Amino acid sequence: LILLKPNYVTYLCVLKGVIQWNNLTIFKQLFNEIICFENKNKIGFEKLESMLISGFSGFGEIETAKRIFNESKFKSTATEIWNAIIHCLAENRLGKDAFTLFEQMKKQEIKINMITYVCVLKGLV
């Protein structure tokens with residue numbers, strides 16, 4: 001009998017479904033599994049962190065989203081993690097905070113893309 005373990009793609013798919021299902025309890029259960037995930041340093045994990053930031057944002061769990069961003073090992077290189085937190089702040093009427101992070105992103109020379117600009121502009125409206 002071969003036991004298969006979920007990888008980050010499995011979690012991405014399941015998290016997306018749980019977000020659409022609007023079930024915070026199960027989302028938190030998956031989050032607890034993911035923080036114990038053994039491949040946190042592998043390519044693709046930043047996508048999982050971005051999904052967690054976006055998911056917690058959608059559930060109104062802003063502090064949890066911020067904590068994931070602040071603890072991310074990919075923050076120094078992954079534009080999508082910055083985009084996720086900037087979008088989180090913008091969506092939750094924290095435009096000033098979103099703009100402050102955008103300024104930090106520029107100072108740290110993180111690659112900015114069109115999604116970044118859309119997220120920041122959304123926070124300024």
Side-chain angles (χ1 to χ4, degrees):
L1 180 66
I2 298 174
L3 296 177
L4 300 175
K5 292 183 179 182
N7 62 18
Y8 81 92
V9 176
T10 309
Y11 281 113
L12 281 173
C13 295
V14 174
L15 285 171
K16 186 172 183 174
V18 171
I19 290 168
Q20 291 173 344
W21 184 20
N22 200 27
N23 192 319
L24 179 59
T25 303
I26 292 178
F27 193 85
K28 285 182 176 180
Q29 287 173 354
L30 289 168
F31 171 66
N32 289 328
E33 282 182 35
I34 290 165
I35 59 175
C36 297
F37 195 58
E38 59 201 40
N39 296 316
K40 288 182 185 176
N41 296 321
K42 295 215 173 174
I43 294 172
F45 196 77
E46 74 278 2
K47 294 179 185 344
L48 197 48
E49 287 182 331
S50 296
M51 176 70 82
L52 288 168
I53 290 168
S54 297
F56 278 115
S57 170
F59 287 116
E61 300 269 335
I62 310 310
E63 292 306 314
T64 305
K66 286 181 183 178
R67 190 177 81 238
I68 293 166
F69 172 77
N70 289 329
E71 294 174 3
S72 174
K73 294 178 182 178
F74 301 99
K75 196 167 60 171
S76 62
T77 58
T79 301
E80 67 186 296
I81 289 176
W82 286 84
N83 288 348
I85 194 65
I86 290 170
H87 182 260
C88 163
L89 296 169
E91 281 288 306
N92 287 281
R93 304 207 180 271
L94 299 167
K96 185 177 178 182
D97 294 342
F99 187 75
T100 300
L101 273 181
F102 174 69
E103 290 296 313
Q104 281 181 0
M105 190 178 181
K106 290 193 310 187
K107 283 181 188 171
Q108 294 181 26
E109 299 181 355
I110 306 297
K111 184 180 176 186
I112 294 170
N113 60 26
M114 288 300 196
I115 295 169
T116 313
Y117 287 113
V118 169
C119 293
V120 170
L121 290 171
K122 187 171 192 168
L124 298 175
V125 187

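Note that the structure is a prediction, hence the values are computed from the model and not measured. The first residue of the sequence shown is numbered 1, and numbering continues consecutively from there.
- Between Leu101 atom CG and Lys96 atom NZ the span is 13.0 Å, to the nearest 0.5 Å.
- Between the Asn92 side chain and the Leu94 main chain, no donor and acceptor come within less than 3.5 Å of each other.
- Atom CD1 of Ile115 has 12 or fewer heavy atoms from other residues, nucleotides or ligands within 6.0 Å.
- To the nearest 0.5 Å, atom CG of residue Leu15 and atom CZ of residue Phe56 are 9.0 Å apart.
- The structure places CG of Leu121 at 9.5 Å from CZ of Phe99, a figure rounded to the nearest 0.5 Å.
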Exercise for the section: Could you please spell out the steps behind the side chain to side chain contact (heavy atoms under 4.5 Å, CB included) verdict for Phe59 and Thr64? Expected result: CA-CA 10 Å; Phe59 287 116; Thr64 305; over 6 Å; no

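- For the 3.5 Å distance criterion, the side chains of Thr100 and Asp97 fail to qualify, holding no donor opposite an acceptor.
- Remark: the backbone N or O of Ile68 is not paired with any side-chain donor or acceptor of Ser72 at under 3.5 angstrom.
- Considering all non-hydrogen atoms of both residues, Ile19 and Met51 come closest at CD1-SD, 3.8 Å.
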Practice task
Starting from the C-alpha separation in whole Å, work towards a yes-or-no answer on side chain to side chain contact (heavy atoms under 4.5 Å, CB included) for Ile26 and Gln29.
Solution key: CA-CA 5 Å; Ile26 292 178; Gln29 287 173 354; 4.1 Å; yes

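- Taking CG of Leu30 as the start and OG1 of Thr10 as the end, the distance is 11.0 Å to the nearest 0.5 Å.
- Within the structure, every pair that satisfies the side chain to side chain donor-acceptor pair (under 3.5 Å) test and touches residues 107-125, not counting sequence neighbours, is listed here: Asn83-Asn113, Asn83-Thr116, Glu91-Lys122, Asn113-Thr116.
- Residues Trp82 and Phe69 bring their aromatic ring centres within 6.0 Å.
- Taken from CD1 in Ile34 to CG in Leu52, the straight-line distance is 4.5 Å, to the nearest 0.5 Å.
- Under the rule for a salt bridge (Lys or Arg N to Asp or Glu O under 4.0 Å), the partners of Lys106 that lie at least two apart in sequence or sit in another chain are Glu103.
- Side-chain atoms of Ser57 never come within 3.5 Å of backbone atoms of Ile53 as a donor-acceptor pair (strictly under, hydrogens ignored).
- Atoms CD and CD1, from Glu46 and Ile81 in turn, are 6.0 Å apart once rounded to the nearest 0.5 Å.
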Practice task
Take Ile86 and Met105 through the side chain to side chain contact (heavy atoms under 4.5 Å, CB included) test and state the conclusion after the steps.
Solution key: CA-CA 10 Å; Ile86 290 170; Met105 190 178 181; 4.1 Å; yes

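- The two residues Ser54 and Ala84 make their nearest non-hydrogen contact at OG-CB, 4.0 Å.
- In Lys75, the NZ atom is crowded: over 12 heavy atoms of neighbouring residues, nucleotides or ligands sit closer than 6.0 Å.
- Between Tyr11 and Pro6, the closest heavy-atom pair is OH-CG, 3.6 Å.
- Linking ILVMFWY side-chain heavy atoms closer than 4.5 Å, directly or via other members, places Val118 and Ile112 in two distinct hydrophobic clusters.
- Hydrophobic cluster membership is shared by Leu48 and Val9, with clusters built from Ile, Leu, Val, Met, Phe, Trp and Tyr side chains linked at under 4.5 angstrom.
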